[in-house]
Amino acid sequence: MKQEMKLQKEVGSYISSLMRTYFGKGPTSVHVTINRPFITIHFRGFITPMEKFLLKQNEERRVLETRDMLMDNMKAEVVQEIKEIGKLELKEIYSDWNLDKKTGVVIGVIDEEVDRQTFEWPDDLSEKNFQEQLIKANILSEKAPDEQETYWLDNRTILVRRAKFLLPIEKELIKNGHIEELKRAKWQLEQKVLSEMEFEPFLKRTIAETFLDWDFEEDLGYIVFILKPGYAYVEDIEYQQEEQNS
């Protein structure tokens, strides 16, 4: 456990430093979860003065495109450094941002097989019901993926891996080079649909944020749900009940 916490701290420190180097400003806090083969890095308080200016000019797309470009440039360095820090061979890196909340997530996938036994869900939660809700969300926004796996990384992080979900029209758009347009449209649609689904009764926790990213060439994508502590959901329910009774 101490070794794991040490590794998480080292990865968080390195990523914070790297963000400062590339963006000119680092996040105010970083939460790293390592549950092999997955690494998630959740940022808070991450936005630069230039980005604030651009957002005031309604240039959200330019901010996101710039972040995507910088993240692409960082990937080779991240892979090499994570290998040196923890002897972890990353084969995939994804990222997503919530500009309104000044937060973001980076997902790293280590080049090794998944051991499902290391991802046991809490006994009082229904992974099956959660997955069924995800399938409903997928159908509303595109189509049910041929493959879907859900991973309970820790008490504040759920990761979902989906494969073979692209529609024929989406594949044509990708072939014709409309990747950025497709990504923005899918992000907006899926965020809307996911926010309207009733996941929280099955999780007994409040969902604080949801992040999405895809590898369109591989027809592969990830969702990260960031959860509030378990008691936060109970407090929300009690508050709603009090409001109804008053």
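The first residue of the sequence shown is numbered 1, and numbering continues consecutively from there. Just so you know, these numbers use all the heavy atoms, side chains as well, and skip hydrogens, waters and symmetry mates.
Closest of all the heavy-atom pairs between R62 and L54 is NH1-CD2, 4.0 Å. A pairwise comparison of heavy atoms in P27 and R44 identifies CB-O, 3.4 Å as the closest pair. Contact record, I34 with Q8: N-NE2, 3.4 Å, taken as the closest heavy-atom pair. The shortest heavy-atom contact between V30 and S16 is CG2-OG, 3.0 Å.
If you check the side chains of D96 and W187, you find a donor sitting under 3.5 Å from an acceptor. There is a side-chain donor-acceptor pair under 3.5 Å between Q148 and N138. A donor atom on one side chain and an acceptor atom on the other are found under 3.5 Å apart for T150 and E127.
Distance alone, capped at 3.5 Å, is enough to place a donor-acceptor pair between the T21 side chain and the S17 backbone. At distances below 3.5 Å, not a single donor-acceptor pair connects side-chain atoms of Q80 with backbone N or O atoms of E77. D146 places no side-chain N or O within 3.5 Å of a backbone atom of F165 that could act as its donor or acceptor partner. Side-chain N or O atoms of K204 include none that pairs as donor or acceptor with a backbone N or O of L125 at under 3.5 Å. Of the possible donor and acceptor atoms, none in the side chain of Q133 sits under 3.5 Å from a partner among the backbone N and O of M197. Panel note: side chain T118, backbone D115; a donor-acceptor pair is recorded below 3.5 Å. The backbone N or O of E59 lies less than 3.5 Å from no partner atom in the side chain of R61, so there is not a single donor-acceptor pair.
The closest side-chain heavy-atom distance from T33 to I39 is not below 4.5 Å. Proximity of I135 to P145: side-chain heavy atoms (C-beta onward) are separated by under 4.5 Å at one or more points. With a 4.5 Å cut-off on side-chain heavy atoms, I107 and E92 do not count as touching. A heavy-atom distance below 4.5 Å is not found between the side chains of I207 and I158. Counting only heavy atoms from C-beta outward, the side chains of F119 and L153 approach each other to under 4.5 Å. In this structure, the side chains of E65 and M69 stay at 4.5 Å or more apart for every pair of heavy atoms. Put simply, the side chain of F216 reaches to within 4.5 Å of the side chain of K186, judged on heavy atoms. Side-chain contact check for K175 versus E172: some heavy-atom pair is nearer than 4.5 Å.
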Point to revise | From CA spacing to verdict: side-chain contact (heavy atoms from CB on, under 4.5 Å), E149, L159 | key: CA-CA 8 Å; E149 299 154 355; L159 182 137; over 6 Å; no

Exercise for review: Walk me through it: do E112 and R36 pass the test salt bridge (Lys or Arg N to Asp or Glu O under 4.0 Å)?
Suggested key: CA-CA 8 Å; E112 61 186 35; R36 299 172 71 133; 2.8 Å; yes

Exercise for review: Determine, stepwise, if the pair E132 / K136 fulfils salt bridge (Lys or Arg N to Asp or Glu O under 4.0 Å).
Suggested key: CA-CA 6 Å; E132 288 174 351; K136 291 179 183 178; over 6 Å; no

Practice item. Evaluate the criterion side-chain contact (heavy atoms from CB on, under 4.5 Å) for residue pair T157 and H42; output intermediate values, then yes/no. Key: CA-CA 9 Å; T157 315; H42 182 224; over 6 Å; no

Exercise for review: Please test K183 against D68 for salt bridge (Lys or Arg N to Asp or Glu O under 4.0 Å), starting from the C-alpha separation and ending with a verdict.
Suggested key: CA-CA 11 Å; K183 182 176 181 179; D68 286 346; 3.6 Å; yes

Review point. Are F43 and M19 close enough, and set up right, to give a side-chain contact (heavy atoms from CB on, under 4.5 Å), and what steps lead you there?
Key: CA-CA 10 Å; F43 307 103; M19 302 298 267; 4.0 Å; yes

Exercise for review: Take F23 and M74 through the side-chain contact (heavy atoms from CB on, under 4.5 Å) test and state the conclusion after the steps.
Suggested key: CA-CA 11 Å; F23 289 89; M74 290 166 54; 4.0 Å; yes

Exercise for review: Take Q191 and T210, measure what side-chain hydrogen bond (donor to acceptor under 3.5 Å, both in side chains) needs, and give me the verdict at the end.
Suggested key: CA-CA 7 Å; Q191 286 284 10; T210 305; 4.7 Å; no

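Within 6.0 Å of the CD atom in E196, the count of heavy atoms belonging to other residues, nucleotides or ligands exceeds 12. More than 12 non-hydrogen atoms from other residues, nucleotides or ligands lie less than 6.0 angstrom from CD of E84. The environment of K128 atom NZ is sparse: at most 12 non-hydrogen atoms of other residues, nucleotides or ligands sit within 6.0 angstrom. A 6.0 Å sphere centred on CD of E113 holds no more than 12 heavy atoms belonging to other residues, nucleotides or ligands. Around the CD atom of E181, the shell of radius 6.0 Å holds more than 12 heavy atoms that belong to other residues, nucleotides or ligands. Around the NZ atom of K9, the shell of radius 6.0 Å holds no more than 12 heavy atoms that belong to other residues, nucleotides or ligands.
Linking ILVMFWY residues whenever their side-chain heavy atoms come closer than 4.5 Å, directly or via other members, places V78 and I85 in the same cluster. In terms of hydrophobic clustering, with Ile, Leu, Val, Met, Phe, Trp and Tyr side chains grouped at heavy-atom distances under 4.5 Å, V193 and I139 are assigned to different clusters. I110 and V32 end up in the same hydrophobic cluster when Ile, Leu, Val, Met, Phe, Trp and Tyr side chains are linked at under 4.5 Å. Cluster annotation: L182 and I223 are assigned to the same hydrophobic cluster (Ile/Leu/Val/Met/Phe/Trp/Tyr, side-chain heavy-atom contacts under 4.5 Å, transitive). Cluster membership check: W214 shares its hydrophobic cluster with L166, using side-chain heavy-atom separations under 4.5 Å among Ile, Leu, Val, Met, Phe, Trp and Tyr.
Not counting sequence neighbours, the partners of E89 by the side-chain hydrogen bond (donor to acceptor under 3.5 Å, both in side chains) test are K83. Residues passing the salt bridge (charged side-chain N to carboxylate O under 4.0 Å, His left out) test with E180, sequence neighbours excluded: R184. Partners of R20 according to the salt bridge (charged side-chain N to carboxylate O under 4.0 Å, His left out) rule, which considers only residues two or more places apart in sequence or in another chain, do not exist here.
Ring to ring, F46 and W97 are close: their centroids are under 6.0 angstrom apart. Ring centroid separation for the pair Y222 and Y94 comes in under the 6.0 Å cut-off.
The NZ atom of K164 sits 9.0 Å away from the CD atom of E218 when rounded to the nearest 0.5 Å. In this structure, R156 CZ and F225 CZ are separated by 15.0 Å, a value rounded to the nearest 0.5 Å. The NZ atom of K25 sits 8.5 Å away from the CD1 atom of I47 when rounded to the nearest 0.5 Å. The structure places NE2 of H31 at 4.5 Å from CG of D154, a figure rounded to the nearest 0.5 Å. Atom CZ of residue R67 and atom CG of residue D72 lie 14.0 Å apart, to the nearest 0.5 angstrom. Interatomic distance, CG of D215 versus CG of L220, reported as 6.0 Å (0.5 Å rounding).
A salt bridge links E142 with R162: at least one charged nitrogen is closer than 4.0 Å to a carboxylate oxygen. Using a 4.0 Å cut-off between a side-chain N of Lys or Arg and a carboxylate O of Asp or Glu, E147 and R161 qualify as a salt bridge.
The only option from F202, W152, Y151, W121 that meets the ring pair (Phe, Tyr, Trp, His ring centres under 6.0 Å) definition with F130 turns out to be W121.
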